[in-house]
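What follows is a set of notes on a single structure, which appears directly below.
In this chain, residues are counted from 1 in sequence order. Owing to the predicted nature of the structure, the values given are computational and were not obtained by experimental measurement.
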Amino acid sequence: MGRRMQGIGFGMAAALAATLVPGVSRAAEDQVRAPVPVIDWQACTGAKQFRCATVAVPLDYDNPGGAKILLDLLKVPAARPSTKIGTLFVNPGGPGGSSTGFAPMASILLGSTVRNRYDVIGIDPRGVGASTPMKCVSDVPRPPGIAYLFPMTWAQAKPAFIQAQWTRWACADQAAPIVRHMSTADTARDMDLMRQAVGEKKLNYYGISYGTQLGSTYASMFPSRVGRFVVDGVLDPIAWSTGDVVPAVQPFSTRLRSAKGAHEALMSALEDCDRVGRAKCDFAGNASGKWQRLVSLAKAGKLTAYGSPLSYADLIGGVLGYLYATRYVGLDSALQEIWEENAGSGARASASAVADLRAAGERVRKAPYATPLLRGEVVSDAFSGVACSDTRNPDSVTDWWRAGVEQDTKYPGFGSLWTWASASCSKWPIVTKSDSYFRPYGGATATPILVVGNTYDPATPIHGARKVASLFTGARLLTYDGWGHGAIGTGCVTRAFDRYYATGALPPVGAVCPMDSGLWDGDAG
């Protein structure tokens with residue numbers, strides 16, 4: 001099956017590859033040139049305070065009069081329409097996260113200015129919404145399941161790679177047309193077309209996690225259309241797209257150095273746990289040493305939780321899921337219960353602690369570059385459809401294995417997890433990249449961009465925010481001195497959002513926002 005797929009896709013790919021010079025993209029445009037649809041807003045089913053619509057847009061913007069796909073939209077009307085400033089488009093990341101599900105929450109968490117004076121619109125990105133989902137199918141059965149999220153031995157690496165490649169084979173073997181048009185650049189074009197449809201001259205925006213890649217792409221493609229524009233929990237767009245070495249020698253999920261962010265977040269949190277003590281953090285008392293003991297037992301296959309084996313991958317994946325929150329509620333008690341069962345009193349960990357740990361890991365597996373506030377089902381195929389269309393990657397299982405080992409050496413525990421998240425992108429059909437945007441990123445925008453980065457972000461380390469702030473002329477970095485993935489909903493940052501969305505005023509140069517409370521406050525004792 002895979003070979004038959006390659007024969008179909010890669011003959012065309014050879015011709016395309018000559019035109020897709022790595023590192024070179026189309027010049028910045030004034031706006032999308034396509035028929036502007038009329039949006040027929042209706043009260044949403046089951047939530048009549050919101051407005052919903054389904055809109056037809058071009059499948060391929062190279063042929064704007066041709067085939068169409070459907071996008072699902074949800075609007076939260078401004079609470080005080082008489083003082084309305086404009087429309088704010090939002091994206092929660094993923095890729096694969098639902099913006100229609102995120103919009104009601106964003107309208108509250110982004111502050112009173114947004115809630116009262118902006119219509120907040122979420123557009124489910126192409127391939128994500130209910131109307132035109134990306135679904136990859138194949139007449140060849142999926143390979144047998146593997147009992148680990150990522151490989152820890154070379155013997156495990158090959159089955160893991162085959163499992164990931166099944167997605168790639170399926171997405172090209174019997175692919176719906178949307179699979180060839182899933183790039184972030186096409187989603188940016190959709191967003192600009194919707195900007196025109198609602199009558200806005202500039203696009204106001206909030207994007208978090210992968211939503212920052214959408215933001216960086218839009219701002220680079222349509223700089224004259226950038227309005228009040230915030231990116232939070234920021235991906236380095238160059239690392240995402242191509243990296244600094246062409247052709248790519250590392251998978252994109254390695255280039256982003258998310259493993260570094262996760263390792264530093266956990267190590268600093270364990271240090272803080274010991275600082276505050278057992279009154280606030282159950283795992284206190286040589287927390288880093290206890291963690292290393294749990295890791296050693298898990299690697300040896302001797303770790304249990306609630307009387308059943310707990311794998312190394314489940315332990316690491318679950319802990320990573322907890323690291324996304326701005327406070328680590330429940331992480332300390334879960335680790336302490338597992339510690340007691342394996343190296344302490346012998347008291348069995350609770351079923352709820354184990355279930356919560358596994359659930360946290362599953363959320364991250366489905367949408368690693370999404371806000372932890374994301375609600376609703378994540379379209380798993382869409383992650384590959386977007387990320388693999390956007391990025392340059394190496395080709396072989398050896399490349400992923402070596403990158404994972406190297407990352408684990410530098411950032412123990414999280415290197416292989418993050419590296420193998422992108423394994424489906426190996427040999428992703430080049431035809432899907434024909435409308436992607438690879439660079440240049442940055443330059444002057446009509447309105448300066450506000451960039452927000454957390455000191456200890458486990459998915460998008462703060463160097464991504466610093467990179468984007470340096471790329472766009474006049475952009476301003478606001479640092480949130482704390483943990484978690486993104487700073488939305490925190491007090492000081494929300495006040496900065498309020499000022500910016502109300503007036504366009506940026507925080508002072510070098511501004512730093514403190515945490516609202518301690519990392520472990522309210523969790524123990």
Problem set entry | Within-4.5 Å side-chain heavy-atom neighbours: F472 and V226 | no
Problem set entry | Sidechain-backbone polar pair: N393 side chain, F252 backbone, donor-acceptor under 3.5 Å | yes
Problem set entry | side chain to side chain contact (heavy atoms under 4.5 Å, CB included) evaluation trace for T494 with L109 | CA-CA 7 Å; T494 301; L109 294 178; over 6 Å; no
Seminar exercise, completed: Taken in chain and number order and not counting sequence neighbours, the residues that satisfy side-chain contact (heavy atoms from CB on, under 4.5 Å) with C44 are A47, F50, C52, L74
Exercise. Is the closest side-chain heavy-atom distance between F229 and N204 below 4.5 Å?
Worked result: no
Exercise. Are the side chain of K135 and the backbone of C171 linked by a donor-acceptor contact shorter than 3.5 Å?
Worked result: no
Problem set entry | Y328-Y322 aromatic ring centre distance below 6.0 Å | no
Exercise. Please, which pairs that meet disulfide bond (SG atoms under 2.5 Å apart) have at least one residue in residues 54-91, sequence neighbours excluded?
Worked result: none
Problem set entry | Counterpart residues, ring pair (Phe, Tyr, Trp, His ring centres under 6.0 Å), relative to Y480 (two or more places apart) | none
Exercise. When rounded to the nearest 0.5 angstrom, what distance separates CE in M191 from OG1 in T187?
Worked result: 8.5 Å
For this session: Measure the spacing between OG of S220 and CD of E29 and express it to the nearest 0.5 Å.
Result: 12.0 Å
Problem set entry | Derivation of the side chain to side chain contact (heavy atoms under 4.5 Å, CB included) call for V114 and F497 | CA-CA 9 Å; V114 168; F497 288 165; over 6 Å; no
For this session: Work out which heavy atom in R117 is nearest to a heavy atom in A78; give both atom names and the distance.
Result: C-CB, 3.9 Å
Exercise. Which word best sums up how the rings of Y437 and Y441 line up, parallel for under 30°, tilted for 30 to 60°, or perpendicular for over 60°?
Worked result: perpendicular
Problem set entry | Short N-O contact, D521 and R327, less than 4.0 angstrom | no
For this session: Please check if the side chain of S333 supplies one atom and the backbone of G330 the other of a donor-acceptor pair under 3.5 Å.
Result: yes
For this session: May I ask you to decide if A79's main-chain N or O and N116's side chain share a donor-acceptor pair within less than 3.5 Å?
Result: no
Problem set entry | Side-chain touch R476/V509, heavy atoms, less than 4.5 angstrom | yes
For this session: Mind checking the OG-NZ spacing from S107 to K75? Nearest 0.5 Å is all I need.
Result: 13.0 Å
Listing, residues 84-96 side-chain donor-acceptor contacts under 3.5 Å, not counting sequence neighbours, or none:
from : atom 1 : to   : atom 2 : distance (Å)
K84  : NZ     : D119 : OD2    : 2.6
T87  : OG1    : E200 : OE2    : 3.1
N91  : OD1    : G93  : N      : 2.8
N91  : ND2    : S99  : OG     : 3.3

Exercise. Are side-chain heavy atoms of L506 and Y500 found at a separation under 4.5 Å?
Worked result: yes
Exercise. So, K201 side chain and G199 main chain: donor-acceptor pair closer than 3.5 Å or not?
Worked result: no
Exercise. Out of curiosity, L373 CG to I208 CD1, how far, rounded to the nearest 0.5 Å?
Worked result: 6.5 Å
Exercise. Do you know the tightest heavy-atom contact between T54 and S131?
Worked result: CG2-OG, 3.6 Å
Exercise. For the residue pair G486 and D232, what are the closest heavy atoms and their distance?
Worked result: CA-OD1, 3.4 Å
For this session: Assess whether salt bridge (charged side-chain N to carboxylate O under 4.0 Å, His left out) is satisfied between D498 and R495, documenting all intermediate values.
Result: CA-CA 5 Å; D498 256 338; R495 291 190 290 275; over 6 Å; no
Exercise. Distance only, no hydrogens: is a donor on one side chain within 3.5 Å (strictly under) of an acceptor on the other, for D124 and T100?
Worked result: yes
Exercise. With a 4.5 Å heavy-atom cut-off, do L323 and Y456 have their side chains touching?
Worked result: no
For this session: Using atom types as modelled and distance alone, determine if a side-chain donor or acceptor of T447 lies under 3.5 Å from a backbone N or O of R228.
Result: no
Exercise. Mind checking whether H485 and Y324 have parallel, tilted or perpendicular rings, split at 30° and 60°?
Worked result: perpendicular
For this session: Step through the shown structure and confirm whether more than 12 heavy atoms of other residues, nucleotides or ligands are within 6.0 Å of CZ on R33.
Result: yes
Exercise. With R126, which of D190, D72, D60 fulfils salt bridge (charged side-chain N to carboxylate O under 4.0 Å, His left out)?
Worked result: D190
Exercise. What do you reckon, are the aromatic ring centroids of Y118 and Y501 less than 6.0 Å apart?
Worked result: yes
Exercise. How about S253 and S422: does a side-chain donor come under 3.5 Å of a side-chain acceptor?
Worked result: yes
For this session: Could you tell me which residues satisfy side-chain contact (heavy atoms from CB on, under 4.5 Å) with A370, sequence neighbours excluded, listed by chain and number?
Result: A367, L374
For this session: Could you tell me whether D435 and R189 make a salt bridge, using a distance below 4.0 angstrom between a side-chain N and a carboxylate O?
Result: no
Exercise. Under 3.5 Å, side chain of S241 to main-chain N/O of I238, donor-acceptor pair present?
Worked result: no
Exercise. Will you find, in the side chains of D390 and S183, an N or O donor that is under 3.5 Å from an N or O acceptor?
Worked result: no
Seminar exercise, completed: Note: P37 and V55 closest approach over all heavy atoms is CG-CG1, 3.4 Å
For this session: Using distance alone, with no hydrogens and no angle criterion, decide if T254 and T419 have a side-chain donor and acceptor under 3.5 Å apart.
Result: yes
Exercise. Are the aromatic rings of W418 and Y369 close, with centres under 6.0 Å apart?
Worked result: yes
Exercise. In terms of side-chain heavy atoms, does Q31 have a donor or acceptor partner in R195 at a distance below 3.5 Å?
Worked result: yes
For this session: Answer yes or no: is there an ion pair linking R358 with E362, defined by an N-O contact shorter than 4.0 Å?
Result: no
Exercise. Are any non-hydrogen side-chain atoms of T371 and S209 less than 4.5 angstrom apart?
Worked result: no
Exercise. CG of N63: more than 12 outside heavy atoms within 6.0 angstrom?
Worked result: yes
Exercise. What distance do I462 atom CD1 and K467 atom NZ have between them, rounded to the nearest 0.5 Å?
Worked result: 14.5 Å
For this session: Determine yes or no for a side-chain-to-main-chain donor-acceptor pair under 3.5 angstrom, with T503 supplying the side chain and A505 the backbone.
Result: yes
Exercise. Just wondering, do Y218 and R225 contact through their side chains at under 4.5 Å, heavy atoms?
Worked result: yes
Exercise. Below 4.5 Å, heavy atoms only, C-beta onward: do P514 and C492 meet side chain to side chain?
Worked result: yes
Exercise. Can you tell me how far CG of L70 sits from CG of L59, rounded to the nearest 0.5 angstrom?
Worked result: 11.0 Å
For this session: Kindly indicate whether a cation-pi arrangement holds for R392 with F438, taking the cut-offs as under 6.0 Å to the six-membered ring centre and within 45° of the axis.
Result: yes
Exercise. For D272, which residues count as a side-chain contact (heavy atoms from CB on, under 4.5 Å) partner, sequence neighbours excluded?
Worked result: R275, V276, W483, L519, W520
For this session: State, to 0.1 Å, how close A248 and T242 come at their nearest heavy-atom pair, and which atoms those are.
Result: CB-O, 4.3 Å
Problem set entry | S424 versus S384, side-chain donor and acceptor atoms under 3.5 Å | yes
For this session: Looking only at non-hydrogen atoms, find the nearest pair between T326 and M515 and report the distance.
Result: O-CE, 3.6 Å
